[in-house]
Number of protein chains: 2
Amino acid sequence: MSVQERKERERAVRERLIVATARELAEQQGWDAVTTRRLAERIEYSQPVLYSHFRGKREIIGAVALEGAAEMAAALRAGASAADGPRARVTALARAYLDFAERNPAVYDAMFQLDGGLAFAAEETPEPLKDAFAALLETLGEVAGEGVHPGLFTEVFWAALHGLATLTRAGRLPAGDAERRAELVVDRLAVL
Amino acid sequence: MSVQERKERERAVRERLIVATARELAEQQGWDAVTTRRLAERIEYSQPVLYSHFRGKREIIGAVALEGAAEMAAALRAGASAADGPRARVTALARAYLDFAERNPAVYDAMFQLDGGLAFAAEETPEPLKDAFAALLETLGEVAGEGVHPGLFTEVFWAALHGLATLTRAGRLPAGDAERRAELVVDRLAVL
DNA sequence: TTGATTGTCTAGCGGTGCTAGGATCGAATC
DNA sequence: GATTCGATCCTAGCACCGCTAGACAATCAA
C-alpha cells in the first residue's frame, strides 16, 4: 500500500508544480507565453505528462483560476475585517479587490477573462468560486439598501469593480485616477 | 491618373471586404475561427494579400473595433435622443450599450477584450473611440452630480456597464436578471 | 527470473501567424 | 503592335501551437 501512497503523493506534488509553474510563467510573460512545450520544459518533464494530469491547457488555466479564487476570497475577507463600520468595510473591500486584480493580473485573467472550462453562477460551480462571491456578499449584503436583493446588489457591485479592473489594466482607462473612481463606486452604489 | 485612381479604389474596396468578412466570420463562429487562412479563402485571395493591407491579424481586429466604435456611438446617441428627461435618457443609454454588446459580441470583444493594437485614453486614440466615449459623456455628464468630474463619472458608469456586459456574456452572471441589474446601476450611479 | 503493468518519452499530426522569392500580368514606352 | 519593366499576387515554407499514438524503460507481482 505504502508504495502506491507514495506514488499518489508524488503525483499530487507534480500537479501542484504544474499549476504553480503555469501561474508563474503567466505572471512573468503573459498567458500567451504559457505553451505546453514551455511549461513542460520548465517542470522538466515532457509534454504528454501534462495531459496525464489535465485534459488540456484549458484545465490548467482553470486550476490556476481556482487557486486564485481561494486567495482572492482570503484577501477580500482580510481587507474587510481590518476596517470598522460599513463604509470603511466596503471601501476596504473594493480596494482589496482592485489590489488583487492589479497584483495578480494573470490569475485574474484566468478567473474572469480566459476560458478555464469552469461553470459559473450554477449548481456545478466549484467551491472556491462560490466562496469568493460569498466573501463579497458578506460585506456588501449589509449595504444593499432596502428592497434590493443582496445577491443582485453584490453582482452589480462586483461588475463595477470588474469593469474598473479590466479597463484600467487594458489601458482603456487612465491609470492615474483609479483611486477616485473606486471611491465614486463605493459612494454611489452602497447605501450607507 | 485614372488608372492609379481605379487601383486605389479597388484596393479600398478589398480592404473593406477584408474587415467585413473578418467581422462576419467572428460573429458567426467566434474570433478563434478567424484565421488568416480562412479569411483569405473567404475573400478569395491568398493569405499574403491580407498582409498588404494590414500588418497582421491584430490590425484587422483593430479595424473591426473602429468600425464597431462608430456604430456604437451612433447606437448610443440614437437610444439616448429617443428619450425625454435625464432619467429616461440615462436608462435608454444603458440599455443601448448593453444591447449593442449583446447583439455584436465579436465586435464588442474586438473593441474591449482583444488586442487590436489601438491606443486608448491617449492623444493618439483614434477618433471613433474618442467619439464613442463622447457619446456616453453627452448623456452622462448631466447626471454626474455636484463636485464630480463628468469625465470621471462617465468612466465609472462605463466600467459598470462593461462589467455587466462581459460578465453576463461569459456566463459569470445569470442572464435572467440583466434588466434589473442595469436598472440598479442607473438608479444608484446617476444623480437625478 | 519472468511477465505484466505503469509510467514516460520521442516523434508526428494538423493547425496557427507570417514571409521570402518566383511567376504573372498590365501599363507605359519604343 | 512588340517590348520592357514594375506592381501585384501566389506557392511554398518557416517556426510555432495544442494534442496524441506508439515505442520504450522502469517497476512491480508471481
Side-chain angles (χ1 to χ4, degrees), chain A residues 1-19 21-23 25-26 28-65 106 109-110 114-118, chain B residues 1-19 21-23 25-26 28-65 106 109-110 114-118:
Chain A
M1 284 307 120
S2 165
V3 168
Q4 194 176 344
E5 281 172 13
R6 196 204 67 222
K7 286 195 176 180
E8 279 175 20
R9 224 163 40 229
E10 288 171 351
R11 252 190 86 79
V13 166
R14 194 172 62 181
E15 187 156 318
R16 282 198 298 274
L17 175 64
I18 292 172
V19 176
T21 305
R23 175 177 178 170
L25 194 50
Q28 284 173 354
Q29 309 181 36
W31 277 106
D32 278 352
V34 184
T35 69
T36 55
R37 280 173 178 78
R38 255 194 284 264
L39 187 50
E41 193 187 9
R42 282 226 184 179
I43 64 168
E44 297 182 311
Y45 281 95
S46 68
Q47 270 180 293
V49 165
L50 299 175
Y51 293 86
S52 76
H53 289 271
F54 303 95
R55 270 178 208 281
K57 195 182 168 180
R58 263 173 49 142
E59 262 194 16
I60 297 178
I61 294 172
V64 172
D109 282 346
L114 303 175
D115 179 13
L118 302 174
Chain B
M1 286 303 122
S2 165
V3 168
Q4 195 176 343
E5 282 172 14
R6 196 205 68 221
K7 285 195 176 181
E8 279 174 21
R9 224 164 40 229
E10 286 172 353
R11 251 190 86 78
V13 166
R14 195 172 62 180
E15 187 156 316
R16 282 199 297 275
L17 175 64
I18 292 172
V19 176
T21 306
R23 175 177 178 169
L25 193 50
Q28 283 173 356
Q29 309 180 37
W31 276 106
D32 278 353
V34 183
T35 68
T36 54
R37 280 173 178 76
R38 255 194 285 264
L39 188 49
E41 192 188 8
R42 282 226 185 178
I43 64 168
E44 297 181 312
Y45 281 96
S46 69
Q47 269 180 293
V49 165
L50 300 174
Y51 293 86
S52 74
H53 289 270
F54 302 96
R55 270 177 206 281
K57 196 182 166 180
R58 263 173 50 141
E59 262 194 15
I60 297 177
I61 295 172
V64 172
D109 282 347
L114 303 176
D115 179 13
L118 302 174

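Labels below follow one simple rule: chain letters A, B, ... track the order of the sequence lines, proteins then strands, and each chain is numbered from 1. When reading the values below, keep in mind they use all heavy atoms of this one structure, side chains included, and skip hydrogens, waters and symmetry mates. No experiment lies behind these values; they were computed from the predicted model shown.
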Touch class at under 4.0 angstrom, heavy-atom based, for B:Arg58 against every strand present:
nothing
Crowded around B:Arg11 CZ? As in, over 12 foreign heavy atoms under 6.0 Å?
yes
Assign A:Arg11 to base, sugar-phosphate, or nothing according to its heavy-atom contacts below 4.0 angstrom with the strands shown.
nothing
Does CD in A:Gln28 sit with more than 12 non-hydrogen atoms of other residues, nucleotides or ligands closer than 6.0 Å?
yes
Residue-phosphate contact under 4.0 Å: B:Arg38 side-chain N/O, C:dT16 OP1/OP2:
yes
Which nucleotide, C:dG17, D:dG18, D:dT11, lies nearest any side-chain atom of A:Lys57?
D:dG18
Taking C:dT19, D:dG18, C:dT8 as options, the one with an atom nearest any side-chain atom of A:Thr36 is D:dG18
Please tell me which of the listed nucleotides, D:dG18, C:dC18, D:dC9, lies nearest to the side chain of B:Ser46?
D:dC9
CG on A:Asp109 to CH2 on A:Trp31, rounded to 0.5 Å
9.0 Å
Indicate, with a heavy-atom threshold strictly under 4.0 Å, whether A:Thr35 touches base, sugar-phosphate, or nothing.
sugar-phosphate
Selected nucleotide, minimal atom distance to B:Arg14 side chain, candidates D:dC17, D:dG18, D:dC9:
D:dC9
Taking only the side-chain heavy atoms of A:Pro48 (C-beta and beyond), determine which of D:dA21, D:dG18, D:dC10 contains the nearest atom.
D:dA21
